[in-house]
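Below, chains carry the letters A, B, ... as their sequence lines are ordered, and counting in each starts from 1.
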Number of protein chains: 2
Amino acid sequence: MPELPPHHPPVGRSKPAERIRAAGARATPARIRVLELLTAAASPQSHHEIELALGADSLDRVTLYRVLDWLVEAGLAVKHVDERRVWRFALASGGEHGGHAHFRCDCCSRVYCLDVPAPQPPDLPRGFTLARAELDLTGRCAVCNRSVK
Amino acid sequence: MPELPPHHPPVGRSKPAERIRAAGARATPARIRVLELLTAAASPQSHHEIELALGADSLDRVTLYRVLDWLVEAGLAVKHVDERRVWRFALASGGEHGGHAHFRCDCCSRVYCLDVPAPQPPDLPRGFTLARAELDLTGRCAVCNRSVK
DNA sequence: TTGTACTTGCAACAGCGTTGCATTTGCATC
DNA sequence: GATGCAAATGCAACGCTGTTGCAAGTACAA
Ligand SMILES: [Mn+2]
Ligand SMILES: [Mn+2]
Ligand SMILES: [Zn+2]
Ligand SMILES: [Zn+2]
């Protein structure tokens with residue numbers, strides 16, 4: 001097994017196992033596989049989509065929920081509800097989906113990353129604290145529009 | 001019972017029963033009460049909140065779901081999921097909550113109407129059609145911030 | 001290699017919403 | 001005002017997404 005190179009890549013880009021240990025937890029197969037999968041994903045993934053992607057030798061349902069929750073707690077992932085009341089998970093801001101807007105298809109529920117910058121956070125009433133400001137776009141995607149032409 | 005005045009008010013503002021019949025359905029007590037309630041509501045309401053507001057002589061749970069769904073189908077209301085994966089209902093765009101942004105508290109899940117104009121809808125990729133563009137703000141509200149001081 | 005706290009898997013559960021079906025009711029028509 | 005019927009309701013059973021409790025297994029520090 002090769003030595004680590006003298007200079008590690010930045011944490012946000014290091015290997016899954018390292019990133020998990022850096023967050024103070026054990027690098028288990030479950031966490032590694034899920035983190036790899038989210039890293040490769042082109043859009044936010046639902047629990048169900050991840051289960052399918054993991055294939056036959058999937059994790060236990062509950063374990064997957066716990067892995068996903070841990071990734072969020074650890075700051076490695078973010079989760080949002082989609083218009084079907086399902087959580088969708090993506091790498092956290094340092095990762096992929098922090099700086100741009102997303103489009104959610106009402107019909108197929110797919111999520112698309114757009115080349116639209118995140119909106120300017122507005123002033124809030126006294127006493128409020130902002131965690132997140134997102135431009136939320138919904139409608140029908142090209143795929144669905146074609147099939148109902 | 002007094003006669004109708006010679007000029008009706010515009011449909012969007014007429015009495016609940018009229019608005020319901022104008023949408024081609026029967027003006028039942030269930031629909032009238034729920035529509036009145038949404039008209040008076042200061043922010044988008046969940047199924048549960050509406051049940052509580054209706055009080056002891058509430059509707060059947062399922063009937064309330066069906067009334068709410070009908071209101072949406074008929075274009076009289078809009079529904080969105082909140083961060084707890086619960087549907088929230090508000091009068092449709094002609095109504096109250098079309099022209100401004102909302103703040104959702106991650107802690108208590110309340111929805112606040114803000115004095116921030118709705119965002120400019122951006123250009124979408126070819127083949128996509130936009131149904132809704134919303135500025136989605138989340139964080140902690142003043143009430144929750146006070147109680148955890 | 002060993003010990004232990006952290007993870008996992010399984011079963012049971014909970015919340016929110018939906019479906020099927022028998023009964024009731026708004027309202028168009030007479 | 002009475003009549004008839006499609007539309008709306010109430011109730012029970014169900015489904016999907018996510019959670020909790022607990023015994024068994026495992027990563028990794030020592
Ligand atoms: Mn994205
Ligand atoms: Mn509003
Ligand atoms: Zn689509
Ligand atoms: Zn709050």
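Between B:I32 atom CD1 and D:dT9 atom C1' there is a gap of 15 Å when expressed in whole angstrom units. Following rounding to the nearest Å, B:E18 (CD) and C:dG26 (C1') show an atom-to-atom distance of 17 Å. Going from atom CD1 of A:I20 over to atom P of D:dT26 covers 18 Å, rounded to whole Å. At whole-Å resolution of the value, OH in A:Y65 and P in D:dG18 are 4 Å apart. Between the CD atom of A:Q45 and the P atom of D:dT17 there is a distance of 15 Å, rounded to whole Å. Whole-Å rounding puts the A:D69 CG to D:dT17 P distance at 16 Å. Protein atom CZ of B:R88 is 13 Å distant from nucleotide atom C1' of C:dC16, rounded to whole Å.
When distances run from any side-chain atom of B:W87 to the nucleotides C:dG17, C:dT18, D:dG18, the shortest one goes to C:dG17.
Panel note: side chain B:R85, backbone A:R85; a donor-acceptor pair is recorded below 3.5 Å. A:R33 places a side-chain N or O within 3.5 Å of a backbone atom of A:L54 that can act as its donor or acceptor partner.
Counting any heavy atom pair closer than 4.0 Å across all strands shown, B:D82 reaches no nucleic acid atom. Among the heavy atoms of the strands lying under 4.0 Å from A:R21 are primed sugar atoms or P, OP1, OP2 only; no base atom is included. Within 4.0 Å (heavy atoms only), A:H47 reaches sugar-phosphate atoms of the nucleic acid but no base atom.
A pairwise comparison of heavy atoms in A:E49 and A:P44 identifies OE1-O, 3.9 Å as the closest pair. Heavy atoms only, all atoms of each residue included: B:Y112 and B:C141 are closest at OH-SG, 3.2 Å.
Applying the ring pair (Phe, Tyr, Trp, His ring centres under 6.0 Å) test to every pair with at least one member in residues 26-53 of chain A, sequence neighbours left out, gives these pairs: A:H47-A:Y65.
Residues A:L52 and A:F89 do not share a hydrophobic cluster, clusters being chains of Ile/Leu/Val/Met/Phe/Trp/Tyr side chains in contact below 4.5 Å.
Looking only at atom types and distance, the side chain of B:D82 has no donor-acceptor partner in the side chain of B:S46 under 3.5 Å away.
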Report all interatomic pairs (protein N or O, nucleotide N or O of nucleotides 4-6 of chain D) with separations under 3.5 Å.
residue	atom	partner	partner atom	Å
D:dA6	N3	B:R26	NH2	2.8

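A 4.5 Å side-chain heavy-atom check between A:E83 and B:V81 finds at least one atom pair inside the cut-off. Under the 4.5 Å side-chain criterion, counting only non-hydrogen atoms from C-beta, A:L91 is in contact with A:L35.
Nucleotides of DNA chain C nearest to A:W70 and B:F89 differ in position, and the one nearer the 5' end is that of A:W70. Remark on DNA chain D: of its neighbouring residues B:G24 and B:R85, the 5'-side contact belongs to B:G24, judged by nearest-heavy-atom nucleotide.
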Summarise protein proximity over nucleotides 8-13 of chain C in one line of letters, 5' to 3': B for base, S for sugar-phosphate only, - for none, counting protein heavy atoms closer than 4.0 Å. BBBB--

